[in-house]
Number of protein chains: 2
Amino acid sequence: MTSQTTRELLKRAEPDLTRAERQLCATLLHNYPMSGLGSITRLAEKAGVSTPTVVRMVQKLGFSGFPAFQAALRDELEAQISGPIAKHESWAGQAPEEHLLNRFTESVIGNIRQTLAQIDPARFDEVAALLADGGRRLFVTGGRITRTLAEYLFMHLQVIRPGVSLVPATSNAWPHAMLDMGEGDVLVVFDVRRYENTALKMAKLASKRGLKVVLITDQWQSPVAKHAACTFNCRIEAPSAWDSMVVVMLFCETLVAAVENRTWERTKARMSELEELFDATRIFRKFV
Amino acid sequence: MTSQTTRELLKRAEPDLTRAERQLCATLLHNYPMSGLGSITRLAEKAGVSTPTVVRMVQKLGFSGFPAFQAALRDELEAQISGPIAKHESWAGQAPEEHLLNRFTESVIGNIRQTLAQIDPARFDEVAALLADGGRRLFVTGGRITRTLAEYLFMHLQVIRPGVSLVPATSNAWPHAMLDMGEGDVLVVFDVRRYENTALKMAKLASKRGLKVVLITDQWQSPVAKHAACTFNCRIEAPSAWDSMVVVMLFCETLVAAVENRTWERTKARMSELEELFDATRIFRKFV
DNA sequence: CCGGCTCTGAAACAAATAGTTCAGAGTTGG
DNA sequence: CCAACTCTGAACTATTTGTTTCAGAGCCGG
């Protein structure tokens, strides 16, 4: 019933096997289950028996043929290596596993895992340093879906350091912004699928002007990558008609935290100044 | 040089890959290395590409052919499973556990877990039904930090159904919007700490006018909750000077997916109409 | 708008794998 | 010693897998 069914099967069947079959069985159990994952020919060779023997034995074990046996081995191995992570409890404890809350979360966690696994931390640190460099002006832009993320990043960076601009996505507006872009400045572009032409054009122009382009895109990678000095791919799969921007936001926040760490002295001063301005304008409730 | 050579190979080669190849690469990395252990045909199917693409890519990676690639995977897997199994995995595999990428992600995952654990799925479904109800107008508002989230939710809901408005946060602008609010309509308020007075006032007025107020807030709960028919608390802790809105976004996206499911027929029509409009205005690149 | 370029998958092809048959080797009981 | 039996692998066939070819589709620079 558990993941080791086939191994058990082999052990229990052993007494009823013939000489050549037992030899094969021993080979299989010896370094289980790797030896079973190659072709039937190699397994037969390794065990010193003929291929018909292999077929006969797996059929005796109840499989329809060698491929079926092999598939069983693969499935078990998969269950084994993904182990405690795979058979996962529901996220929303009160809801069944099939509830959208759980399915969606499951999917997003997968996105996070895969995205993080692919990110090169050195690259990440590099970009954080780039964004922290007060000598460079910063420009942030996004498309239809990603505009809100661009705004989110912009808002944080703006507090952290001076010289940050949000570039409008509509192509008749951003040439104005581009006037300020100069050699060594940085353009952060968000572009996920349904890649937008304006993003591509802007990145192209910016890189020609000597800006460092940082691209944040999805797993299929926007064509902007061609003009980018640094590209980060975030997985955006979701059980929905839409893509999930959660990982992109996670990435942004982490980036903000990293930049902040590098400029803490300056940032601290800016933040307390901001507090004073808030006090002056009474935007927030008096108490927390 | 270690057991993960092929994985590294895939990651490093990714930038030089074509679209279909990148798709394949992502599939391979997705549940590495199991997906590579079956036949080339099944791998191609799983990745949604053709078998020639698989062959081309593995050859590009330096293998003589698919069998060679597969053998490499098997060898690595063998080395891996015989090695130590249990060590706690970092999220960003290449970075030390103390790297900000891992710390931040760890923290966010914790937020997700805690938030989901306390969400009442029945309440969630209730709100989804409320937002899906075409007879009610929908208003969405957010504060300084949460404005982008409000915009994000607004953008999606706007595609899904008619009668959705984004209410400006500045208190001198929203009274205008409030003119349209009537009995039975719904106001979605985002308000996290540094709770804002305008949000509180708006919620108060709205609930007096007979609107259902849905509040999305943090774990300490905004005072808006007093006027809300439904409140969802999202945990927003992060190793940063800022709070993390990742969970809030996850919640929004899940909500969007849930609403979408309930109005799918109507939404489908709206979405294809939107597609036509995009085509007419040529915002996007021709191909995916 | 158009030729040259790259990328992609359908289809043809080649190679291996998996399954089957069958003759002979080994074993057993008389 | 010998039939009758089982077991085994060589050789064959069928099937699936892996590779190559090629024409069409999209992108790019002019």
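These numbers come from the heavy atoms of this one structure, side chains and all, not from hydrogens, waters or symmetry mates. In what follows, chains are A, B, ... by sequence order, proteins preceding strands, each numbered from 1.
- Side chain of Arg137(A) to backbone of Asp180(A): a donor-acceptor contact under 3.5 angstrom is found.
- At a threshold of 4.5 Å between non-hydrogen side-chain atoms, the residues Thr146(A) and Val248(A) do not count as touching.
- What you find for Glu21(A) and Met57(A) is that their closest heavy atoms are O-SD, 3.6 Å.
- Under the 3.5 Å distance criterion, with hydrogens and angles disregarded, a donor-acceptor pair is assigned to the side chains of Thr6(B) and Glu76(B).
- Counted within 6.0 Å of CZ on Arg209(A), heavy atoms from surrounding residues, nucleotides or ligands total more than 12; the atom is thus considered enclosed.
- Residue Trp242(A) is tested with Glu253(B), Glu260(B), His156(B) for a side chain to side chain donor-acceptor pair (under 3.5 Å); the sole match is Glu260(B).
- Ser107(A) contributes no side-chain N or O that, together with a main-chain N or O of Arg103(A), makes up a donor-acceptor pair within less than 3.5 Å.
- Between the NZ atom of Lys201(A) and the C1' atom of dC28(D) there is a distance of 14 Å, rounded to whole Å.
- Comparing the local axis fitted to the first five base pairs of the helix from dC1(C)-dG30(D) to dG30(C)-dC1(D) with the one fitted to its last five gives a bend of 20°, rounded to 10°.
- Within 4.0 Å (heavy atoms only), Gln59(B) reaches sugar-phosphate atoms of the nucleic acid but no base atom.
- Using a 4.0 Å heavy-atom cutoff across all strands shown, Arg56(B) reaches at least one base atom of the nucleic acid.
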Tabulate atom names and distances for all N/O pairs under 3.5 angstrom spanning the protein and nucleotides 16-18 of chain D.
from: dG18(D); atom 1: OP2; to: Ile40(B); atom 2: N; distance (Å): 2.4

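- Between the CE atom of Met57(A) and the P atom of dC7(D) there is a distance of 15 Å, rounded to whole Å.
- Comparing Asp16(B) and Pro52(B) along DNA chain C, the residue whose closest nucleotide (by nearest heavy atom) sits nearer the 5' end is Asp16(B).
- Ring geometry for Phe251(A) versus Phe124(A): interplanar angle over 60°, hence perpendicular rather than tilted (30 to 60°).
- Between the side chain of Glu14(A) and the backbone N or O of Arg22(A), no donor-acceptor pair lies under 3.5 Å.
- From the 5' end on, the contacts that DNA chain C makes with chain B at under 4.0 Å to a non-hydrogen atom open and close at dC7(C) to dA11(C).
- In this entry the distance linking CD of Glu45(A) with P of dA10(D) reads 11 Å, nearest Å.
- Here the P atom of nucleotide dC27(D) and the OH atom of Tyr195(A) are 12 Å apart, to the nearest Å.
- For the pair Glu196(A) (side chain) and Asp191(A) (backbone), a donor-acceptor distance under 3.5 Å is absent.
- Between the side chain of Arg235(A) and the backbone N or O of Gln219(A), no donor-acceptor pair lies under 3.5 Å.
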